[in-house]
Every structure is written in structure tokens, then in C-alpha cells.
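Written out below as C-alpha cells is the structure these notes cover.
What you see is a predicted model; the values in this text were computed from it and never measured. Labels below follow one simple rule: chain letters A, B, ... track the order of the sequence lines, proteins then strands, and each chain is numbered from 1. Scope of the values below: all heavy atoms of this structure, side chains included, with no hydrogens, waters or symmetry mates.
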Amino acid sequence: MASDTYNYIKIEEKWQKKWFEEKIYLANKQNNKKFFIHFAYPGVSGYLHVGHMRGFTYCDIIARYKRMQKYDVIFPAGFHASGIPSIGFAKKVERKDNQTIKSLKEYGLDEKHIQKLSDPNEVVTYFAKVYVEDYWKKFGFLIDYSRIMSTISEGYKKFITWQFLKLKEKNLLIKKPHFAPFCPNCGPVAVDKSETDISKGGSSEILEFTVIKFIMTDKTILPAATLRPETIFGVTNMWINPDVEYIKAKIGSEKWILSKQAFEKLKNQIDNVEETNEKIKGKDLIGNTCKIPIIGREIPLLSGSFADPNVATGIVMSVPAHAPFDWIALVESGENIEPITIIDVKGYGTNPAKQECEKLGIKSQNETEKLDLATEEVYKNEYHKGYLNEKCAKYAGIKISDIKDEVKNELINNNHATLMREFSEEVICRCQTPVLIKQIPDQWFIKYSDIDLTDQTKKYSESMNIYPQDYKNELPGVLDWFDDRACIRQGSWLGTEFPFKKGWIIEPISDSTLYPAYYVISKYVNEEKIKPSDMTEQFFDYIFLNKGKSQKPIWYEIKKDFDYWYPVDINLGGKEHKTVHFPVFLMNHVAVMPKEKRPRGIFVHWWVTQKGKEKISKSKGGAEHIKEAATKYGVDSMRLYYAHVGSPFVDIEWDEETVTKYKNRLANIFKQIQSFKELKNQKNENLDKWLRSNLQRTIKKTFDAFENFDLRVATNEIFFEMQKTISWYIKRGGSNKEIIDSFVKNWLLLMTPITPHMSEELWTNYAKSGFISNEFYSKFDETKISEKDEIGEYLLQGVTDDISEILKVTKIIPKKIFIYTSPSWKQKIFRKAITLKSENKLEMRMFMKEIMSEPSMKSNAKQVSQYASKIFGEVKKLSESDKNKYIAEINEKDYLKSAEEYLKKLFSSEIKIFNTDDKDIYDPEGKTRFAVPLRPAIFIE
RNA sequence: GCAGGGGUACCCGAGCGGUCAAAGGGGCAGGGCUUAGGACCCUGUGACGUAGGUCUUCGAGCGUUCAAAUCGCUCCCCCUGCACCA
């Protein structure tokens, strides 16, 4: 294979081997300025796909850029192994889940190894290796691999234990009852969109019903569950499903009638619940009456088939004036009951429910879809615009949005009601059992609602570098909204035992808030310079809080490290972390760490999705294995793809063809750079200076973009603009070895953070020694900027465009092209105007006077005044950069002459270049009069 | 309802007061290279135009400005989170 072919597989392997053998990734204290970057470590839940690599790649790009800017970069990584994912994975292996076994086999594991993975700890060990070897190293990441850690390691657990001791000290651990999803079979489960624990209902939410105790004549309680307790004043009747067999239960000292299903749920939520053997058919209840608590009004029990025994208590209170379901059921029942309107809303008459039903043409309680719509509409209007009316006694005149909780609390406080939690949709556990909501009487929480903590964090976040800006603006709101978080779980979870309650495990969000600090220590643990058993409270207090004294020399060494590297400069994570991980990351730092150790920056990136904005997933295809993709497209191509295909702050769609295009582009650049070797060395003063100048401008632009973590802009400059620039230079006939060399050298340096492997290869080809990854950037050199030559090329570009345009329109095949640059008097006038404008003194009368004061102008007064007035308006509109262009002293004729050969070739025509001031100009059509500065006149024959 | 983000040429997407008929891809059309190959290169791709021009366009409509895709207001539509919905 020829050396100029882009054999990315070989190249990537070769350089990774070298980097990792020489451990160039180690964080060293050398330059006295440091940069700490890390990504939100991944959970260990199985093989990752190409989407995950986006954020990791951003991190490596930034880290590599910073190290080339002479920062001591520390870029550590680890695994979030706590929680259930790895247990879930092990369980799947144990029960021989087809998908799982298949994927493991595809990855090349043998039976024996697969068997081992029924142990969660083995799962973590295995995937930790896959992540490091097959993902991170394959992508050439200069992660400090000496610091790799996992959240279930002994050392880490010590660290988390310490953190919770500190939280307790600060009174940020509190105890209160909690209601959590629970599977009777498997214990606690997490209900979230990823559905790791469950097989159905991931988007379900926990609703809080108020169960109002209606009293029957024999004192039995008829508990009606509602989300709108304030409507109690408008209740006209109850709905009982005639086809359901209800049961009687003892709740405390009370006797309740409710559905069997409701009872099963309540058993987990309320104490002293006991089933009796008594049952009663729904239809037997109908016809009885009961009393509304507080109000005492007596109401009938009617037949309502829509009362679902699976929802809440199975018994529904009827508010026909405000609930469309109730209204329609009432109409259908044929009962002569008058709805009671208790909420006045602008835009509604006396019966909002009826009104909405009529609007939507609802005729029957079976039209649930329409009824849901109507309900939503009524509620929306009432909640925001409604006031309780005079029928609501002391609550009259109060806005619904303000009253809701008040009514609820009064009912509860007077034992007229209680609460019941219920999922908004059915949730089924992985084991196929329905998930319930269970009360945990004294759950521990981290008190994120703490006002002082919240305020401090909000205030601090203002001083941080947060990307994108939108998130920075959003963050204070998120911090306010963030409520206490239950921080321990009981069940089969991996993690650290909670120091204040035996057998309970700290849950995974709470154990990953301060973890970047542990990267400083993990190195010493990995190297066995300190044993987890030595990592006591005093140890961490000393390292992190500067409390107490160093008890061993190694303590001092670690502390020096911590003080050098900490705080975090950038914590980078996907948008899913915006409302969970990042807020707790900040709040814990603010709560526990000294002020100067608080994080300095957060970078949020969006996702890689599949076509149609679907979240990438294996079942829907497109989730290419990272290892395969790396072979298919090349790692550098993928890095370039991530960096360039979209802004970091939008979702991008994974598209194989697009990745292929990037691969081709890289191959082109690779070949192009190789081809420069064959150029003959030849100078071309103007052009050379132009290239040199352009290079510096690009460097400036690229650095600026990188400094703002504007990776896409930087990448665009490097891989698109720079290629255009050098192509133009070559096309124009540029061939100066020294200049090209310097351009290429800088180009390769700039490319390195994004496509490090290719850069290394070309760097060696260019007979440079050492790793380009270890090189430093040279500073932007303003002295190499040559405005004149930049303008010259701008002029030339304009001339060629104009000629092309003329040729296109006239369809002439040119024999001779005449170019006339503008006469000096026009240039003078133009410059004059610009100067005056810059001084803010451009005014017509003065302008003319000043021009005419020159004798040479007077002799040409007519043309001069014509031109001056024409230019007057134009100059007023000029932008700053245009002004610079026009004011520069450039000999247009000479510049164009230097490009004569190029023009000749380009148009296959003879080229004649004149200045309008020249004598004996050939100008049969008097085109010279059109010549203006930087816009020569053209005549073609 | 609250909060946030959007609507840009055939498509994806950048731009976010003048350098914008609007980057960059892709698609399409033509040409080149060639073992005429889905690789690569060049040209074109709003309309009109036999001289470098003119006209119309950045969801819709008003407005601010010498100047608006870019700023303000109103409206329509899409997405995300939260709230809410027996």
C-alpha cells in the first residue's frame, strides 16, 4: 500500500499503541496552570453505542486542546457502578435472557465467561474493561488511565461515607415518610423512562389523591378519591360501579367500603389496615345515601359504570357542574339532580362541565377521549381563572390556584380525608408483577430544599462558566425547583452502606456528586500507596477541608495534589443531567467543599438520535457497536463527525452516509498534504504573504472558538476553511515550500485535538519528531498579518467573479480581457470620505469643499463632484472591516499584474491590466469611467 | 398554564443588525478524471438579464433603524421540562 493512502486502521492502531505505551496521558504538575476536565461517568449497564461517544469525544478534544495550550491537564474517568443496572444485567444473564446472551456472544465471549457475568461485580469488572479498552482507548482518548475508579470500590465507599458524615454535620440529612415504587416480588424499583427495572410504565408519575371520607348512615366510610378536593362543595352524589364487588376494610378504627384493588394498594400506604370478610356488591349500595364531610349535606349513591375499581378507591364523588364525566353520567342516569356550581370563571356560564361537553358534542360516558379533553379544558380554565363562589363558605372569593392545598389540608387535619398515591399509568415490574407505591416511614433525605444551600448555590452558579448560556439561565430555576431527595434504598443495590442506618444503601444519584475529587485519590489507591482502610474521616478532612494534620507522608502528597488540581474546570455531561446530576453536583460542592474548591464550569451536550429524533436504541437498529463503527469509519472520522456535524447544543441524527462523507474528507486532506511534497519551490511575494496572514487569522479565530468551547466553529475553521485557503493558494500558483511548510505544521497542530491519529502520522511524514499530541501551539502572531495582501486577494477574487459574471451573461468567448483600476483621484476622494466618516465628520458641504481645495481636482470638477456625491451615501453605510479594506494603500494594478498568469490560465485569454491614469489606454467603450477603488472596470473582447 | 428552545432556499443545517441571495453538507444538473465505477475534482442550483446588474426570499403580520434572517410587539405552528388533569 502506498504511503500516501489514508490507511486509518493502521494509523490509529499505531499511534494509540505509542501514546499508551509512553503514557502521555498522565496528568503531571509542570506548567503551573492546570485544567481539570471530566465527563459525567457512565453507568455500567451494558455495551455502549455510538451515541455515547459524542460527549466523551468532546471531552477529549477539549482536554487535548488545553494541553497544547500548555495547561497541565487532568482528564480522569471512572464508572458509575452503583445502583441496579449491573445487577439487572447480571439477572438477565442468570435467567438467560436471549438478547443479552446474544449480544455477549456477538462480542466474542465464550460460555464460561458469560456464566461469570451472573455476578454483578463481574459485570462491573467486565464492562469497565470494555469501556476502557474498546471505547476510550480505541478513540485515542488521553484519559489519565492511572486514575480509573469505580463507585463500588472500597476506597470510593470510604469517600462516600465521609461525604454523608459531612452532610449530617451540616444538618442536610433529614428523615421523613416517603412513598416509593415497590414490587412485592423484587423490592424497591426505579420508575423512569429508561425502564431498567420495569417492563411497562416508565413515564408514569405518582399522583396524590385526596381521599375524602363520605359518611354513610351506619357510620361506614365511603372514601372518594379526587385530585380536586376543593370541589367538595359542589358534590351532588356519589358514583358506584354496579358491576363491582366492593369490600369492607378496617382502617384504623374506621370501616371503609372500597374496591379490592384499592385495598391492596392502601395496605402499603396506610398503617393499621385490615381486611374483613365482608363484601358488598356495587348495585346493592346504589340507592343508599351518605353525608358530605364538613358540609353535612346528604347525597344519593348512584350507578356509574365509569367508576373504575382499578383507579384509586374505586368510588367517585360527583361534581357535575365542574367535571364533564360526572355531568354526562348524571345526564345518562336520568336522575333529577341539579348540579351545584361552585366556581365562577369568566367565559363560562353556570355549568362549565355541561358547556364543554356540548361544545365537543359528548353524548355518553363511553367517549372517554373527548371527555378527557373536556376535563382538561375545564380544569385549565378553572385553575387559572376561577374563583370559589359563595357556596364555599369561608373559601368564597379565593382563586382556585391558591386554595387547592388549603382545602385539602383542612380536610386531612380534621380527619375528613387522607392521602393516597397512585401511578398515572400502570407500572409493571421486570418480573411481570404490578408495581405498587409503598410507604417508607422514616426515609432519609438529602435536604436540597434547604434555603440557604439553594441560595448560595444559585449565587455561586452566576460566576461559573456554563455552556450553553441557556442552561446557565435556566439553572437557578432548576435549583429552586429541586426538592429533597430520598438518598437511601433497601434492596438489591450496589453502593455504599448508609452510615446511619444498617442495611440501607446510598442511592446512585446521591453517591455521585463530589466524585471528581476522588480522582485525585484514586491514583494512589490504584498504585496501592494508600489502603482504603487508612482512608478515615480525618484523612478526608485533611485532604479536602484542610482540617487536622497529615498523619503520614502520603497524606501530604495527596493533599498537595488535591490543592493543585482541584476544583473541576469543566464537568461535561449530556442534557439528561440538566435537572438531576448537575444540580446535586453543585449543591454538594457548595455544602461540603471549601469555597475555592467549587466547580468552575459545566458543559452540557445534547444527544445523538436516530432518524426521526428517536432516542438511539438497539431494538430500532442504528446502534452500531463502537468497535465496529471505529473500524468501518475510522476513529478520526467519527471524532470529526461529532465535532462538526452539529452544534454541541442540538441533537444530531446518526447517519452512516454522513459519517462516510467525513471519512472521505479526511482522506482528501491526508492526500492533499502529502501532495505538497511534490511542489517545486517557488516564491510569489504577494500570495505568500497572503497565506501567511490568512494562517494567523485562522489561528486567532480557532483559538477564540476553542476558548469558548465552540467546538463546531473551531472544527469548521480547521477542516473546511483552512482546506479552502490552502487550495486557493495552490490554485493561484502558490508554491513556496517554507510558507507551505509552516501552514501545514500549524494546520496539523490545530487538527490534533480533533483528529489526533492522522495528525501524528502526517507530523512524522513531515519529518518532525516526537508526538504532535505533546506539542504546544505557538501564539497568534499579529506581525504576520498583512492586510495589504489580504485585500489584494480580495480584489483579485472580485475581479475574477466579475469577469465570470460578464462571460456568463454575454456568452462571449474571450480573446482579450482588459482590466482598468480606478484613477488616483477617485481613490483619494474615497479615502477622504472614509477618513471623515471615521472621525464622524462626513458632511456633504464640507466634504466637497475639502476635495475641491486641491487644484488637480478642480480641473476635473464635474466628474469629481459626480463621483463624490455618489460615494457619499455608500461610505455612510460601510462597515468597519470594509473601511479597513478601502483605506489600505494598495497598488491595485501591481497586485493584479502579479496575478496575471493566473488570470490568463483561468480564462484562457490574454489579459491586459491598466490603471485609468495611464497614458494610451485601449478603451473603446469608455469602460474606465466605471472603475472604482477595489472594483476595476472590465472590458472583454 | 409556567419555564426553556425553535421555525432559514428541494432536504439537513450555520448565521442572529450592515461584509447576506444567505456558510457547510446532502440532493439534483452539467463537465472532468477514469478499468466511464455508488471514489475523487470542477461548475451550476430563487427569478430575470447578451457587461459585472435588477427584483423577490429567511413561519405570518406590524414596527424600530439610513440599514433586519438578525432587534421589538402580535399571531400561528413545532419540540423539551415542569405543573396539571376522577
Touch class at under 4.0 angstrom, heavy-atom based, for Ala323(A) against every strand present: nothing
Pairwise C1' distance for C77(B) and G25(B), with rounding to whole Å: 27 Å
Tyr641(A)-Lys663(A) side chain donor-acceptor pair, cut-off 3.5 Å: no
Span that lies between the C1' atom of C40(B) and that of G53(B), in whole angstrom: 36 Å
Expected output: side-chain Tyr820(A) to main-chain Phe939(A) donor-acceptor under 3.5 Å: no
Side-chain donor or acceptor of Tyr662(A) paired with backbone N/O of Arg639(A) under 3.5 Å: no
d(CZ, Arg929(A); P, G52(B)) in whole Å: 12 Å
Distance in angstrom units between Tyr820(A) OH and A51(B) P, rounded: 16 Å
Watson-Crick and G-U pairing of RNA chain B written in dot-bracket, each distance under 3.5 angstrom, with | for inter-strand partners: ((((((((.[[[..)..(.....]]]((((((.......))))))(((....)))...[[[[[..)....]]]]])))))))....
Whole angstrom value for the distance that separates C1' of G4(B) from CH2 of Trp481(A): 14 Å
All side-chain hydrogen bond (donor to acceptor under 3.5 Å, both in side chains) counterparts of Ser822(A), not counting sequence neighbours: Gln827(A)
Spacing of the C1' atoms in G46(B) and C20(B) (rounded, Å): 14 Å
Nearest-Å distance once atom C1' is located in both C66(B) and G44(B): 36 Å
Atom-to-atom span, CD1 of Ile806(A) to P of G53(B) - whole angstrom: 9 Å
Euclidean distance, atom NZ of residue Lys927(A) to atom C1' of G53(B) [Å, nearest integer]: 12 Å
Separation between the C1' atoms of C2(B) and C62(B), rounded to whole Å: 28 Å
Parallel, tilted or perpendicular, as decided by the 30° and 60° cut-offs, for the rings of Phe603(A) and Tyr467(A): tilted
Separation of the P atoms in A9(B) and A60(B), to the nearest angstrom: 10 Å
Atom-to-atom span, NZ of Lys472(A) to C1' of G4(B) - whole angstrom: 17 Å
Heavy-atom neighbours of Lys575(A) NZ exceed 12 at 6.0 Å: yes
Salt bridge flag under 4.0 Å for residues Arg697(A) and Glu787(A): yes
Members of residues 932-941 of chain A that approach RNA chain B, where some heavy atom sits under 4.0 Å away: Arg935(A), Pro936(A), Ala937(A), Ile938(A), Phe939(A), Ile940(A)
Rounded P spacing from G59(B) to A14(B) in Å: 14 Å
Pairing residues for Trp728(A) by the side-chain contact (heavy atoms from CB on, under 4.5 Å) criterion, not counting sequence neighbours: Trp690(A), Arg732(A), Glu793(A), Leu796(A), Gln797(A), Tyr902(A)
Rounded interatomic separation in angstrom, taking CG from Leu807(A) and C1' from U50(B): 12 Å
Touch class at under 4.0 angstrom, heavy-atom based, for Phe649(A) against every strand present: nothing
Ion pair check, Lys265(A) and Glu422(A), cut-off under 4.0 Å: yes
Contact pattern, 5' to 3', of nucleotides 22-45 of chain B - B, S or - by protein heavy atom under 4.0 Å: -BSSS------------SSS----
Validation row, ring centre Tyr922(A) to ring centre Phe818(A) under 6.0 Å: yes
Trp606(A) CH2 to G81(B) P, straight-line distance once rounded to whole Å: 12 Å
Listed nucleotide nearest any side-chain atom of Asp470(A), set A86(B), G5(B), A51(B): G5(B)
Glu208(A) with Lys408(A): basic N within carboxylate O range, under 4.0 Å: yes
Which residues share a ring-ring contact (aromatic ring centres under 6.0 Å, His included) with Phe720(A), sequence neighbours left out: His644(A)
Upstream residue (5' side of RNA chain B) when Tyr794(A) and Val799(A) are each assigned their closest nucleotide: Tyr794(A)
salt_bridge(Glu230(A), Arg228(A)) N-O dist < 4.0 Å: yes
Pairwise C1' distance, G81(B) and A86(B) [rounded to whole Å]: 26 Å
Position toward the 5' end of RNA chain B (nearest nucleotide), Ser647(A) or Val316(A): Ser647(A)
